[in-house]
Amino acid sequence: MALTKLERRARIKRRIRKIVSGTASKPRLSVFRSNKEIYAQLVDDVNGVTLASVASRDIKASSKSEASAAVGKEIAEKAIKVGVETVAFDRNGYLYHGRVKVLAEAAREAGLKF
């Protein structure tokens with residue numbers, strides 16, 4: 001029997017999280033995408049602390065892609081303010097395509113390295 005979309009994403013997410021982990025010096029940039037919004041947060045998995053977070057619901061944009069780019073830029077600015085330059089990108093089981101890719105590229109352009 002075929003997996004549902006949620007089961008497939010959960011399986012991919014577990015596979016990614018075996019490899020990707022965040023520390024204080026190199027936190028994990030976790031992306032969550034819903035149908036309407038996109039969220040990004042910097043997580044220190046060793047201490048169990050969220051260092052910074054940004055949601056697209058706080059940003060005014062005309063399209064979902066523009067909102068994703070704005071979230072990427074904002075999370076990069078917050079990361080630099082906290083003192084973080086490099087992160088481990090966690091796509092959270094989503095394909096590196098569309099809004100997830102736009103967010104990642106905007107974060108790279110704003111100064112994050114991953």
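Counting from 1, the numbers follow the sequence of the chain as shown. All values below were derived from every heavy atom in this structure, side-chain atoms included, with hydrogens, water molecules and symmetry-related copies excluded.
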Fill in the blank from the handout: One should read off an interatomic distance between Tyr39 OH and Leu103 CG, to the nearest 0.5 angstrom, of 13.0 Å
Completion exercise
Sequence neighbours excluded, the answer for side-chain contact (heavy atoms from CB on, under 4.5 Å) partners of Val102 is Ser68, Ala69
Handout entry: Contact list for residues 94-109, test side chain to side chain donor-acceptor pair (under 3.5 Å), sequence neighbours left out
Key = Arg9-Tyr94, Tyr96-Arg108
Problem - Partners passing side-chain contact (heavy atoms from CB on, under 4.5 Å) against Ser25 (at least two apart in sequence or in another chain) - result: Thr23
Handout entry: Short side-chain to backbone donor-acceptor contact, Lys13 and Arg8, under 3.5 Å
Key = no
Handout entry: salt bridge (Lys or Arg N to Asp or Glu O under 4.0 Å) partners for Arg33, two or more places apart
Key = none
Exercise for the section: Search all heavy atoms of Ala40 against all heavy atoms of Leu29 and return the closest pair with its distance. Expected result: CB-CD1, 4.1 Å
Problem - Backbone N/O of Lys18 and side chain of Arg15: donor-acceptor pair under 3.5 Å - result: no
Handout entry: Distance, nearest 0.5 Å, that separates CD1 of Ile19 from CG of Asp90
Key = 11.0 Å
Practice task
List for me each residue that meets side-chain contact (heavy atoms from CB on, under 4.5 Å) alongside Ile80, sequence neighbours excluded, and say none if there are none.
Solution key: none
Problem - Ser63: partners by side-chain contact (heavy atoms from CB on, under 4.5 Å), with sequence neighbours left out - result: Ser65, Glu66
Exercise for the section: Could you go through the side-chain hydrogen bond (donor to acceptor under 3.5 Å, both in side chains) check for Ser30 and Gln41 one step at a time? Expected result: CA-CA 5 Å; Ser30 178; Gln41 58 183 352; 4.7 Å; no
Fill in the blank from the handout: The complete set of salt bridge (charged side-chain N to carboxylate O under 4.0 Å, His left out) pairs with one or both residues in residues 48-57, sequence neighbours excluded, reads none
Exercise for the section: Working to the nearest 0.5 Å, report the span between CG of Asn92 and CZ of Arg28. Expected result: 7.5 Å
Exercise for the section: Using the test salt bridge (Lys or Arg N to Asp or Glu O under 4.0 Å), find all partners of Lys113 that sit at least two apart in sequence or belong to another chain. Expected result: Glu85
Handout entry: Remaining members of hydrophobic cluster (4.5 Å side-chain criterion), Leu95
Key = none
Handout entry: ring-ring contact (aromatic ring centres under 6.0 Å, His included) partners of residues 63-90, not counting sequence neighbours, each pair once
Key = Phe89-Phe114
Problem - For Asp44, all residues meeting salt bridge (Lys or Arg N to Asp or Glu O under 4.0 Å), sequence neighbours excluded - result: none
Exercise for the section: I would like to know whether Leu51 and Val43 meet side chain to side chain contact (heavy atoms under 4.5 Å, CB included); could you show each step before the answer? Expected result: CA-CA 6 Å; Leu51 304 174; Val43 181; over 6 Å; no
Exercise for the section: Can you run down the side chain to side chain donor-acceptor pair (under 3.5 Å) pairs that involve residues 70-81, sequence neighbours left out, and say none if there aren't any? Expected result: none
